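Residue numbers start at 1 and run along the sequence shown. Keep in mind the model is a prediction, meaning the values are calculated, not measured.
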Amino acid sequence: SNTYTPIIEVNDDGSWYATALFEGCLVFDPGVGIDTAWAVSNESNYYITKWSSSGNLIWKVITSQSTSYPINGSLSICEDHYNKVYWSAPYINAALFYIINDSGLTTSQYSLGARGFVIDGVDQQNNIYTYNTISQSLNFNFSGTPQTVTLSGTSDVVIAKYNAGN
């Protein structure tokens, strides 16, 4: 098995999140009651985990999307003021976007027309701030009518704010 370098986010209470791309079998909780996950054969999946300050696994999410090539760039994770986790990762020619709370995955599989974007933060009203460098047209709308912007350069910087609930 192979695991790519994880992205880590640490909370004020000492609990922390880890996320990365993995291939093969990944062991999350070695010892009694071993907790494992398998990636799709010959491909990679993303994992998202939350750990207690003492290092115990609280929950994990294995994405249903798999990829046949490693695309670990622009992977991001952050927590808002209400303990929801916002996660994004590149996926083929789009971006996956998940919202997770302590009871599990609440929203998933939004996509943008780029190879991932970074969630830079979530404010107190749950507005999401993102950025990335891209060189193509980009659909800024997660659902509904497309709001496509055609970029002019070979490597344009895109900064976006998504209002809570949209």
Item to check | Donor-acceptor pair between Thr19 and Trp87 side chains, under 3.5 angstrom | outcome: yes
Item to check | Side-chain donor/acceptor of Thr63 to backbone N/O of Asn45, under 3.5 Å | outcome: no
Item to check | Shortest non-hydrogen contact from Val10 toward Ile8 | outcome: CG2-CG2, 4.0 Å
Item to check | Trp59-Ile7 co-clustered via ILVMFWY side chain contacts under 4.5 Å | outcome: yes
Next on the checklist: Please give me the minimum heavy-atom distance between Trp16 and Ala18, naming the atom from each residue.
Outcome noted: CZ3-CB, 3.8 Å
Checklist outcome for this item: side chain to side chain contact (heavy atoms under 4.5 Å, CB included) filter on Ser52, not counting sequence neighbours, yields Ser54, Asn56, Ile58
Checklist entry - Where do Ile48 and Ile77 land on the side-chain contact (heavy atoms from CB on, under 4.5 Å) test, with the steps shown first? => result CA-CA 9 Å; Ile48 310 153; Ile77 189 167; 3.7 Å; yes
Checklist outcome for this item: Sorted by chain and number, sequence neighbours left out, side chain to side chain contact (heavy atoms under 4.5 Å, CB included) with Asp12 holds for none
Item to check | Contacts of Tyr47 that satisfy ring-ring contact (aromatic ring centres under 6.0 Å, His included) - sequence neighbours left out | outcome: Phe28
Item to check | From Lys60 atom NZ to Ile100 atom CD1, the distance as rounded to the nearest 0.5 Å | outcome: 12.5 Å
Checklist entry - Of all residues at least two apart in sequence or in a different chain, which pass the side-chain hydrogen bond (donor to acceptor under 3.5 Å, both in side chains) check with Glu79? => result Asn11, Tyr17
Checklist outcome for this item: Tightest non-hydrogen contact, residues Val122 and Cys78, listed as CG2-SG, 3.6 Å
Item to check | Value rounded to 0.5 Å, distance of CD1 in Ile128 from CG in Asp80 | outcome: 8.5 Å
Checklist outcome for this item: Those residues at least two apart in sequence (or on a different chain) that pass side-chain hydrogen bond (donor to acceptor under 3.5 Å, both in side chains) with Trp51 are Thr49
Item to check | Same apolar cluster: Ile62 and Leu57, side chain cutoff 4.5 Å | outcome: yes
